[in-house]
Protein chains: 2
Amino acid sequence: MPKVPPQCPMDSILRLLMGPWTTYIIWVLSDQGPQRFGALKRAVPGISTRMLTERLRMLQGAGVIWREQAETIPPAVSYGLTSRGNDLRSVLDALGEIAHNWEHEGVFAGEGGGRHEGQ
Amino acid sequence: MPKVPPQCPMDSILRLLMGPWTTYIIWVLSDQGPQRFGALKRAVPGISTRMLTERLRMLQGAGVIWREQAETIPPAVSYGLTSRGNDLRSVLDALGEIAHNWEHEGVFAGEGGGRHEGQ
DNA sequence: CTATGCAGTTACTTTTCCGTTCCTACTTTA
DNA sequence: TAAAGTAGGAACGGAAAAGTAACTGCATAG
């Protein structure tokens, strides 16, 4: 019994964007352009290697980002947004704008400093 | 040390939409119009009373939905989207469209039947 | 007089996620 | 020779999220 009927493929996509880091990674890649693993890790302060790897793999699996590995020693791996990732970005921008407006209206003020900053 | 700097208020809003049921609830409310608690529960098959209550409270707290309680016996409680909820809906529609396209391209096919349906 | 529906609340249990830590194999630098 | 950087992988463990179940009080239906 499918709990989430096919009418709502949005669920899959939201599940993709959901994690605390995912949108931030996309944001960095679209804002700073393609980045190497280490640079990305430094650009997303606080993320663990494990999480970064996992998110990148997932986004790559969904075709949202590409991965380019140079067979040098040590290997240099770069990540960047694909066209699909850019599709996503326009929506995230729209959402960001709404979030911005809501912030002005104090929607998130009530939970301010709350748990959602931890981790 | 704020892990998610203020540049990204999107994080708060995504945290709101994140849960497995949240977007589905919004979808139902925007598709079928305002609903009473029981009807909503039946419209989102598989959700538990507890989850539904929690999500509704959260969405209400964010001003995305309204709650109207008639002091009859038994009490009749209705929920519906606010204008803020409708803001959200346009974005969700855009996202849904992207998800729809991706589905056609088989993006989610690889994980098909996987754990993400068991929620 | 028992069952059922309304709209939840509370407690308990399970699952899942996520962070932390240690490890790889290789090269350059001190 | 030891340390550090590169790009991760594997194992462990705690906390948070989510599911399950039982309970509320009142009214109507059987």
Side-chain angles (χ1 to χ4, degrees), chain A residues 1-4 11 14-25 28-29 34-61 65-80 111 114-119, chain B residues 1-4 11 14-25 28-29 34-61 65-80 111 114-119:
Chain A
M1 75 295 258
K3 304 297 180 54
V4 178
D11 197 71
L14 277 169
R15 208 171 292 273
L16 191 75
L17 303 175
M18 250 167 28
W21 305 110
T22 315
T23 55
Y24 195 74
I25 291 169
V28 168
L29 287 180
Q35 302 275 322
R36 293 183 51 179
F37 186 90
L40 206 47
K41 185 159 153 54
R42 280 185 293 273
V44 185
I47 196 171
S48 65
T49 311
R50 186 187 178 290
M51 267 298 102
L52 184 53
T53 302
E54 190 185 297
R55 297 293 160 182
L56 289 173
R57 292 276 179 278
M58 190 174 53
L59 291 172
Q60 187 195 354
I65 63 174
W66 47 258
R67 183 190 126 109
E68 190 185 67
Q69 176 161 13
E71 287 298 347
T72 59
I73 288 178
V77 182
S78 299
Y79 297 90
E111 54 180 292
R115 223 186 40 251
H116 80 288
E117 293 191 343
Q119 135 321 118
Chain B
M1 74 295 255
K3 303 298 179 53
V4 178
D11 198 70
L14 278 169
R15 209 171 291 274
L16 191 76
L17 303 175
M18 247 165 33
W21 306 108
T22 315
T23 55
Y24 196 74
I25 292 170
V28 168
L29 287 180
Q35 303 277 320
R36 294 183 49 178
F37 187 89
L40 207 45
K41 185 160 155 50
R42 278 185 293 273
V44 184
I47 197 172
S48 64
T49 311
R50 186 187 177 293
M51 268 296 104
L52 184 54
T53 303
E54 191 185 297
R55 299 292 159 181
L56 289 173
R57 292 277 180 278
M58 189 175 52
L59 291 173
Q60 187 195 354
I65 63 174
W66 47 259
R67 184 191 126 109
E68 190 186 66
Q69 177 161 12
E71 291 295 348
T72 58
I73 289 177
V77 182
S78 299
Y79 297 90
E111 54 182 292
R115 227 187 36 249
H116 81 287
E117 292 191 342
Q119 134 287 126

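Small disclaimer: the values here were computed from a predicted structure and weren't measured.
- Relative to the side chain of B:R55, the nucleotides D:dA18, C:dG19, D:dG8 differ in distance, and D:dA18 lies closest.
- At the phosphate of C:dC17, neither OP1 nor OP2 sits under 4.0 Å from any side-chain N or O atom of A:W21.
- Here D:dA16 presents its P atom at 17 Å from CE of B:M58, a figure rounded to the nearest Å.
- OP1 or OP2 of D:dA7 has at least one side-chain nitrogen or oxygen of A:R36 nearer than 4.0 Å.
- The side chain of A:F37 sits closest to D:dG8 out of D:dA18, C:dG19, D:dG8.
- When the nucleotides D:dA7, D:dA18, C:dC18 are ranked by their closest atom to the side chain of A:M51, C:dC18 comes out on top.
- Of the candidate nucleotides D:dA18, D:dA7, C:dC6, D:dA18 has the atom nearest to the side chain of B:P20.
- Closest to the B:P75 side chain, of the nucleotides D:dG5, C:dA7, C:dT9, is C:dA7.
- Across the protein-nucleic acid pair, A:L52 atom CG and D:dG9 atom P stand 11 Å apart, rounded to whole Å.
- Atom CZ in B:R15 sits about 12 Å away from atom C1' in D:dA16, given to the nearest Å.
- Distances from the side chain of A:R50 to the nucleotides D:dG8, D:dA11, C:dA11 place D:dA11 closest.
- The two atoms that bring A:A43 and A:Y24 nearest to each other are O-CE2, 3.7 Å, heavy atoms only.
- Side-chain proximity of A:T49 to the nucleotides D:dG5, D:dG8, C:dC18 is greatest for D:dG8.
- Between the side chain of B:K41 and the backbone N or O of B:I47, at least one donor-acceptor pair lies under 3.5 Å.
- OP1 or OP2 of C:dC6 sits under 4.0 Å from a side-chain N or O of B:R42.
- Note on residues 42-55 of chain A: pairs passing salt bridge (Lys or Arg N to Asp or Glu O under 4.0 Å), not counting sequence neighbours, are A:R50-A:E54.
- For A:T53, whose side chain is taken as the heavy atoms from C-beta onward, the closest listed nucleotide among C:dC18, D:dA18, D:dG9 is D:dG9.
- We find that CZ of B:R57 is positioned 14 Å from C1' of C:dT10, with the value rounded to whole Å.
- Side-chain proximity of B:I73 to D:dC26, D:dA7, D:dG8: nearest is D:dC26.
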